Amino acid sequence: MGLEMVRAAGIYQYDIHNKAYIDFISGFSVANIGHSHPKVVAAVQEQAAAYMHLIVYGEFIQSPQVAYAQLLTSLLPHSLNCEYFTNSGAEATEGAMKLAKRSTGRTKIIAFNNSNHGSTQDALSAMGSEYFKNAYRPLLPEVYHYNYGSEAAIQAVDETVACVLAEPVQAESGVTKPPKEWLQALREACDRCGALLIFDEIQAGFGRTGSLWAMEQTGVVPDVLLLGKALGGGMPLGAFVADYKLMQTLTNNPVLGHITTFGGHPVSCAAGKAALEVLLQGDCIKEINNKEQLLLQYLQHPAILSVKSAGLWASLQFKDFETNLAVVHRCIANGLITDWFLFAPECMRIAPPLIITEQQLIQACKIIIKSIGEAVGN
């Protein structure tokens, strides 16, 4: 894009010329409560003044970690009661894959085509795109990919499988929701065969889909939950969450079976906790279903071939990538930031901050429709 931003507040970013842009992707679902919220900024400043890096794991009890972990577990099913904080979502994926192999004694992993769990080598192994993987082979062996939502994936779960790694709403294929019955069948297959079910809510979590966690809409509780993006309130932070007894398998043979220098950094934890408290105190999540309907109502144009949505998260499909790119460029010129999806380049990404008002949302939709007209000529 070549834009030089100098500040951001609420739903807006401002460039060096003080031009305002509506951030319609929330920094890739990071800024769920918008940019530079005063409570988050204050939490960062307070914690930075107290202490920053000490030793993150093993030696010191750090209240920002403990307090944030306590808040998170209070909002999760009782079996997801122990967090391991990391630097990012990709590292959460790495930790969860190690946990599955260590706890089951198995090595086989089932993942899905058009899935994205990060770009580190093991996470890349689980990514469902040959285009992004081929330049880095050999990758982790015994990772098998199936079509998202397929019966074949359920049938593939047997006593050799360590884990199934799935998104309850698949992000980079363009916001794809499977039937909840399929996710329930995955849960049953994992239970039957002793495999772990890992849900990646790195993009879907923290209210994005209309509930605090996307899994709430499925009736399925995974063995391991992956978090990132909005987890840090704008600071770098990831986590994998599981039952305490399951997590204990990483504490022996070898000791320090998973370790990080900066994961769960106190400033990041302070920021994330403050952001989550803001999200919980407001009415953002309650309003998301209405805002989703506004998106569907106002985002109508002959050039839009289809719209897929999950709460305040959507994809607009155009005939090809070139058309989408042209529309994206016109949106930016008209003061709205958007882009496309990794595995659906013909689809425009929509994921505004959850705090966006209905009037602001309608204004943004009108900018998109105007931009489509400028790009395709009608």
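This chain uses plain numbering: 1 for the first residue, then up along the sequence. Computed from a predicted model, the values in this text were never measured in an experiment.
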CA sep, side-chain torsions, deciding dist, call: Thr323, Asp320, side-chain hydrogen bond (donor to acceptor under 3.5 Å, both in side chains): CA-CA 6 Å; Thr323 302; Asp320 51 34; 2.7 Å; yes
Check for me, please, whether Phe341 and Leu295 land in the same ILVMFWY cluster - side-chain distances under 4.5 Å, paths through other members count. no
Hey, quick one: are Ile154 and Val143 part of the same hydrophobic cluster, counting side-chain heavy atoms closer than 4.5 Å, chains of contacts allowed? no
Partner residues of Glu94 under the salt bridge (Lys or Arg N to Asp or Glu O under 4.0 Å) criterion, sequence neighbours left out: none
Geometric class of the Phe206/Trp213 ring pair [parallel <30°, tilted 30-60°, perpendicular >60°]: perpendicular
Please tell me whether His53 and Phe262 form a close aromatic pair, meaning their ring centres lie under 6.0 Å apart.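 Centroid distance His53-Phe262: below 6.0 Å, so yes.
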Could you list the cluster mates of Val6? Members are the ILVMFWY residues connected by side-chain heavy atoms closer than 4.5 Å, either directly or through other members.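 Val6 shares its hydrophobic cluster with Ile16.
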Side-chain heavy atoms under 4.5 Å apart, restricted to Ile/Leu/Val/Met/Phe/Trp/Tyr: what other residues fall into the cluster of Tyr136, or is it alone? Leu124, Met127, Tyr131, Phe132, Leu139, Leu342, Phe343
All N/O donor-acceptor pairs, side-chain side in residues 227-244, below 3.5 Å, sequence neighbours left out:
from   : atom 1 : to     : atom 2 : distance (Å)
Asp243 : OD1    : Asn81  : ND2    : 2.9
Asp243 : OD2    : Lys245 : N      : 3.0

Gln13 (side chain) donor-acceptor with Ile337 (main chain) under 3.5 angstrom: no
Tell me every residue that passes side-chain contact (heavy atoms from CB on, under 4.5 Å) with Thr107, counting only those two or more places apart in sequence or in another chain.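 In terms of side-chain contact (heavy atoms from CB on, under 4.5 Å), with neighbours along the sequence ignored, Thr107 is linked to Lys101, Glu142.
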Between SG on residue Cys82 and CG on residue Leu76, distance to nearest 0.5 Å: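 Separation between the atoms: 12.0 Å.
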Are the charged groups of Asp158 and Arg192 less than 4.0 angstrom apart, N to O?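 Salt bridge: no.
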Pairs meeting criterion ring-ring contact (aromatic ring centres under 6.0 Å, His included) with involvement of residues 154-199, two or more places apart: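 For residues 154-199, and leaving out neighbouring residues, the ring-ring contact (aromatic ring centres under 6.0 Å, His included) pairs sorted by first residue read Phe112-Trp182, Tyr148-Trp182.
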Using the rule given for side-chain contact (heavy atoms from CB on, under 4.5 Å), can you reason through Gln317 versus Ile304, listing the C-alpha separation, both sets of side-chain angles and the distance that settles it, and then say yes or no? CA-CA 6 Å; Gln317 182 185 10; Ile304 299 174; 5.9 Å; no
